[in-house]
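Remarks on the structure that follows.
Values below: every heavy atom of this structure, side chains too, minus hydrogens, waters and symmetry copies. Note on naming: letters A, B, ... go to the chains in the order of the sequence lines (proteins, then strands), and numbering restarts at 1 for each one. Please read these numbers as outputs of a predicted model, since none were measured by experiment.
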Protein chains: 2
Amino acid sequence: MKTRKEILVDELVGYLLEHGLSDLSLRPLAEALGTSARLLIYHFKSKEGLLAEVLDSMQTRLRMSLGGMIERRAGQSERPLKLFWDWAIARENYPYLKLLYELQILAVQNPAAYGQYLQRNASNWSALIATALPEAERTPAMVTLLGAVFDGLFLELMSTGDRKRTTQAILQFIRLVDDAREARPAIRGKAAKTSNTGRG
Amino acid sequence: MKTRKEILVDELVGYLLEHGLSDLSLRPLAEALGTSARLLIYHFKSKEGLLAEVLDSMQTRLRMSLGGMIERRAGQSERPLKLFWDWAIARENYPYLKLLYELQILAVQNPAAYGQYLQRNASNWSALIATALPEAERTPAMVTLLGAVFDGLFLELMSTGDRKRTTQAILQFIRLVDDAREARPAIRGKAAKTSNTGRG
DNA sequence: TGTTACATGTAACGTTTGTTACATGAAGAC
DNA sequence: GTCTTCATGTAACAAACGTTACATGTAACA
């Protein structure tokens, strides 16, 4: 049985996904949920506490969804980077990522207000993306580039909504890495022993 | 002789570069400039009008700075993409771009409030970056990818401040394109006649 | 049955928001 | 010397903000 607070968190997540963070206000939020600002403060102590709990819940959900994807992809021939992209732009995950990108940007310009909600996910994130590369190619520059391609394309998707073109672009990147590898083959070594195929 | 309003715009630009857009408020802003909210409204009619004029001024400055760079780079051997990157992360341009990225994100989540300030710069922007490619390689996927690499790396720079690593990453991308071209040479044609060297 | 904890409604607090009314200087034009 | 225009100061407006005080209902447990 869910507590009233847990039910509220669920509804709040939905509201935040739709309206974003930057102009969040308690009264309109409460009204949209059919409750009152009084209640939100009662359950979450403050607006700050509310945001903390809701964002936390969102990140947990996202991690679970990602874990499920990773389990399911076992023994699939698709490229890791493409799998990751498909997962990110899936209808059920996309709004979460969109909001986290907004949070990231707000925190850059206003760390005092938003920095506190950023977990050390950024590093986990890039570490995860890095596993799409064979170890021999996992240089800082290549890992940074890989993360940037992902971020940049996701941002472009956010701005234009063009799933088709952005997906073509990430396939283009995978092809680019393949072709470059052909011209200048990576040193094979421990990398050959890793489980992933090392194909972008 | 500058009008009072033009002087104000200059000071406002400086303030916005420092504080960002998302929590802009007239009274703190006026106090930081040694004036009053009354005056700002007097000169700009409304907060909305103020933002419109100031952001417009910023985009003009940025375009002028970019134009100057393009003139100066004539007959330089550096790759176009690297030149563009160096220009973007230069101390005098970086804060402007940072703010425009914030604007872009805010507009995604809240078009009603921020969409009006977005010019059709996005398209100009990507068209400009595209000139770093030889015509034969200027496919939608490649142009999108190129823009995304730039955006993604700039975002990473905003978050981490690591100029060195992000610059290494863009050089890595240039190398990648070069190597891929070696393995699968682009069809030469009209592209060979363009002024740029077509080397990333 | 009385007590305790959770949940909620109604109002208000003090502050900040963008904006406006009203009055007053300073400077140049006739 | 009056008139007009630009610039500014002082106060106030209504609205929205996050938060709190106080009272009340419901349900479970003693």
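The distance from atom CG of B:Leu39 to atom P of D:dT8 is 5 Å, rounded to the nearest whole Å. Nucleotide C:dG18 holds its P atom 12 Å from the CD atom of B:Glu48, rounded to whole Å. As rounded to whole Å, 13 Å separates atom C1' of D:dA7 from atom NZ of B:Lys45. The distance between atom CD1 of A:Ile41 and atom P of C:dA7, rounded to the nearest whole Å, is 16 Å. To the nearest angstrom, P of D:dC17 lies 10 Å from CD of A:Glu31. C:dT17 atom C1' lies 14 Å from atom CG of B:Leu40, rounded to whole Å. At whole-Å resolution of the value, CG in B:Leu29 and P in C:dT17 are 11 Å apart. Whole-Å rounding puts the A:Leu33 CG to C:dT8 P distance at 12 Å.
Partner assigned to D:dC22 is C:dG9, using Watson-Crick or G-U wobble distances below 3.5 angstrom.
Considering only heavy atoms from C-beta on, B:Leu21 stays 4.5 Å or farther from A:Gln109 through its side chain.
As judged by a 4.0 angstrom heavy-atom cut-off over every strand, A:Leu50 is placed among residues making no nucleic acid contact. Heavy atoms of B:Leu24 sit under 4.0 angstrom from primed sugar atoms or phosphate atoms, though from no base atom. Nucleic acid contact class of B:Ser46 (heavy atoms, under 4.0 Å, all strands): sugar-phosphate only.
The side chain of B:Ser25 contributes no N or O atom lying less than 4.0 Å from OP1 or OP2 of C:dT16. Close to D:dT8, at under 4.0 Å from its OP1 or OP2, lies a side-chain N or O of B:Arg4. Within the 4.0 Å cut-off from OP1 or OP2 of C:dC6, not a single side-chain nitrogen or oxygen of A:His43 is found.
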- Task: List the steps, then state whether salt bridge (Lys or Arg N to Asp or Glu O under 4.0 Å) holds for A:Asp56 with A:Arg61.
- Result: CA-CA 9 Å; A:Asp56 211 60; A:Arg61 288 164 195 230; over 6 Å; no
- Query: Would A:Asp179 and A:Arg175 satisfy salt bridge (Lys or Arg N to Asp or Glu O under 4.0 Å), going step by step from the backbone distance to the final call?
  - Reply: CA-CA 6 Å; A:Asp179 291 352; A:Arg175 216 175 313 129; over 6 Å; no
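Residues B:Asp178 and B:Arg79 are paired through a salt bridge, judged by an N-O separation under 4.0 Å between the basic side chain and the carboxylate.
A:Trp87 and A:Ser65 share a donor-acceptor pair across their side chains, judged by distance under 3.5 Å alone.
Picking from D:dG18, C:dT19, D:dT8 the nucleotide with the shortest atom distance to the side chain of A:Leu26 gives D:dG18. Among the nucleotides D:dG18, C:dT17, C:dT8, the one closest to any side-chain atom of A:Arg38 is C:dT8. Between D:dC6, C:dT17, C:dT8, one nucleotide has an atom nearer to the side chain of A:Tyr42 than all others, and that is C:dT8.
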